[in-house]
Amino acid sequence: MNRFAVGVRSNVRTFLRTPLNVVLALVLPLVVIEGWGQAMAGLPSMPTVEAIPLDLGRVLGAIFGVAIIAGLMGLVQMISAREADRRLVQTGYSPRTLLATRLATLAGVTIVVAGVNFGVLWLTVEPEAPLLVFAFLALAGVVYAFLGALVGAVLPRLFEGSLVVVFLAMMDAFLSGDSPLAADVPDFVQYFPLYHPKELLQSAVFDGTFAAGDLAFVGGYVLVLLVLVTAVFGATMRTSGGWSA
Amino acid sequence: METTTAPTETVGESKTLVRGNALEKTYGSRLPLGRSTPVLTGADIEVRAGEIVGIVGENGSGKSTLMKILVGVLDHDVGTVERTGTIGWCPQEPLLYDRLTVSETFRLFGAGYGMSREEIDAAKRRLADELDFERYLDYRVDQLSGGNRQKVNLSIALMHDPDVLMLDEPYTGFDWETYLRFWDMAQDLADDGTAVVMISHLIEERSRLDRVFEVRDGLVHDVTDEETVSELRSDREGDDE
């Protein structure tokens, strides 16, 4: 039997049979998008940003909502069954195949979560380029899914790992966003995981365009995260002998 | 640390399938002032085809550590491990995926072993029948009782007909009937040439073992011929007569 296909099916079943995952993926977007929008609605408009604070808040809420759910899913995927994973690797799964099943599942779930966020955003903001908006939300989600997976591989504890992911996503969304509360942020913020996805999303929502440089940066970011998570996961799953036939 | 999968030599009629030489293992702390605990300090062991080997020892003596090293799920610091053939490992705590059903668990691990769908289904039917858990095949692992979960845990180790079976107290939670059936299975496997290695705490079981190793002070001692084992053997032989 195809190990990759069986692994992905098992991961998807595990995800769907965890009700909290499904509820979070479906309910959180509405809460976060509208909550973030209303939180920024009372702020004054900024001279350099044409969008009204309410819509800008909703866009930031959407990207934060995708990022935090995808990040937590990535974390949980990596640490929920670490010892069972080790046994599975010993049966014959290579760590790379096992990781590939996890990341493929994560990417699929992230696309669904991005779709829900996109739906809410479409109803409330009416973006200029809907397809691009969906694609960039999914891209932001993939960045955080892989980041969550990396955190899970390095720090295999649910509580501590969740704190890292949640704190990072909140700080990232806040500093990367064009909020008057986060004006004059330092230059290094442009290296934060959500900075360029946010630029892409904002352009797609309000102008219907995007900058190729931002897209390339995000692509590179995903690649680097992929290399790091593969290396760390491979190291943690390294054992001295498989026993498959 | 060295591990090979090259075949080892034949001793008498039996081929040596697993051998650990001068194994050392210390659990260290990642913190600068943390304590490190030496568990194995030069353990030697070999397991031959067709025998049932018991590993005994006090709590914390290093039995599970030794087995994990022999299986290959734990790295050793010093020494060598040689293995040949396929290995089935039944850990003390069931290492399974809670949200998958029993049938899905067989498929996932069967795919890992490189088995076809037909082989997996056949193994599932055979083991579910032998260990009496057919009616739970569509239950999720987290919905099973401890005993049934342990049956699945054991079945995953057995499903690919391994050459060496490594069992870490595999009968925890078994009822008496299942316990007896388990020993029948172990004996049948040994008769067919499978090497069965088992961590055990029960003195009663010594009479069922071909050889007994005790892990003590970081070393492995062959205690097969010690009094208790001999007496139990002769008792059993007397009963059989």
Side-chain angles (χ1 to χ4, degrees), chain A residues 1-22 73 76-102 105 109 154-158 160 234-245, chain B residues 1-5 18 68-76 80-101 104-121 140-143 153 156-157 159-166:
Chain A
M1 290 180 78
N2 183 295
R3 287 175 179 147
F4 178 77
V6 174
V8 170
R9 273 201 296 275
S10 299
N11 293 340
V12 171
R13 285 187 179 114
T14 298
F15 176 82
L16 293 176
R17 289 171 188 167
T18 310
L20 188 62
N21 285 345
V22 181
M73 301 294 172
V76 171
Q77 281 272 316
M78 300 303 278
I79 64 178
S80 60
R82 202 175 174 89
E83 291 304 313
D85 282 350
R86 209 181 293 277
R87 186 179 190 186
L88 197 58
V89 165
Q90 278 298 330
T91 67
Y93 271 82
S94 72
R96 278 190 187 179
T97 304
L98 182 56
L99 180 65
T101 69
R102 291 285 152 81
T105 308
V109 170
V154 174
L155 184 66
R157 295 168 189 268
L158 190 58
E160 290 88 339
T236 58
M237 287 292 133
R238 191 187 65 234
T239 50
S240 51
W243 60 58
S244 62
Chain B
M1 188 192 80
E2 190 181 328
T3 302
T4 66
T5 53
V18 177
K68 285 178 182 173
I69 289 172
L70 295 177
V71 167
V73 292
L74 182 67
D75 287 336
H76 47 289
T80 58
V81 176
E82 299 165 55
R83 304 184 194 93
T84 184
T86 54
I87 293 181
W89 174 48
C90 177
Q92 190 174 11
E93 296 293 326
L95 296 183
L96 305 167
Y97 295 89
D98 281 351
R99 308 270 174 181
L100 297 181
T101 66
E104 290 161 357
T105 301
F106 270 89
R107 273 200 290 280
L108 180 63
F109 283 94
Y113 289 131
M115 299 166 72
S116 68
R117 182 182 289 272
E118 292 73 25
E119 289 171 332
I120 292 169
D121 286 342
R140 273 171 29 181
V141 169
D142 60 359
Q143 295 167 338
N153 191 37
I156 295 304
M159 66 183 291
H160 60 307
D161 294 326
D163 299 310
V164 183
L165 194 53
M166 299 272 193

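In what follows, chains carry the letters A, B, and so on, assigned in the order in which the sequence lines appear, proteins first and then strands, with residues in each chain numbered from 1. As the structure is a prediction and not an experimental result, all values here were calculated from the model.
Both the backbone and the side chain of Ile156(B) come within contact range of chain A, judged by heavy atoms closer than 4.5 Å. For Asn153(B), the parts sitting under 4.5 Å from any heavy atom of chain A are the backbone and the side chain alike. Contacts between Thr101(B) and chain A at a heavy-atom distance below 4.5 Å involve backbone atoms as well as side-chain atoms.
Most heavy-atom pairs under 4.5 Å with chain B: of the set Ser10(A), Ser94(A), Ala84(A), this distinction falls to Ala84(A). When the candidates Pro91(B), Gly110(B), Pro162(B) are compared by the number of heavy-atom contacts under 4.5 Å with chain A, Pro91(B) comes out ahead. For the set Thr105(B), Val164(B), Leu100(B), the entry with the most heavy-atom pairs within less than 4.5 Å of chain A is Leu100(B). Contacts with chain B were tallied for Asp85(A), Thr14(A), Leu88(A), Val6(A); Leu88(A) has the most, counting heavy-atom pairs under 4.5 Å. With respect to chain B, the highest number of heavy-atom pairs below 4.5 Å among Leu16(A), Asn2(A), Thr18(A) belongs to Thr18(A).
Enclosure of atom CD in Glu93(B) is not indicated, since only 12 or fewer non-hydrogen atoms of other residues, nucleotides or ligands lie within 6.0 angstrom.
We find the CZ-CZ distance between Arg107(B) and Arg9(A) to be 7.5 Å, quoted to the nearest 0.5 Å. Put simply, CZ on Arg82(A) and CG on Leu95(B) are 13.5 Å apart, with the number rounded to the nearest 0.5 Å.
Contact between Tyr113(B) and Arg3(A) at its shortest, heavy atoms only, is C-NH2, 4.1 Å. Of all non-hydrogen atoms in Ala81(A) and Tyr97(B), the two that sit nearest each other are CB-CE2, 3.4 Å.
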Before giving the answer on side chain to side chain contact (heavy atoms under 4.5 Å, CB included), spell out for Arg99(B) and Arg13(A) the whole-Å C-alpha distance, their side-chain angles and the decisive distance to 0.1 Å.
-> CA-CA 8 Å; Arg99(B) 308 270 174 181; Arg13(A) 285 187 179 114; over 6 Å; no

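Arg87(A) places a side-chain N or O within donor-acceptor distance of the main-chain N or O of Trp89(B), the cut-off being under 3.5 Å.
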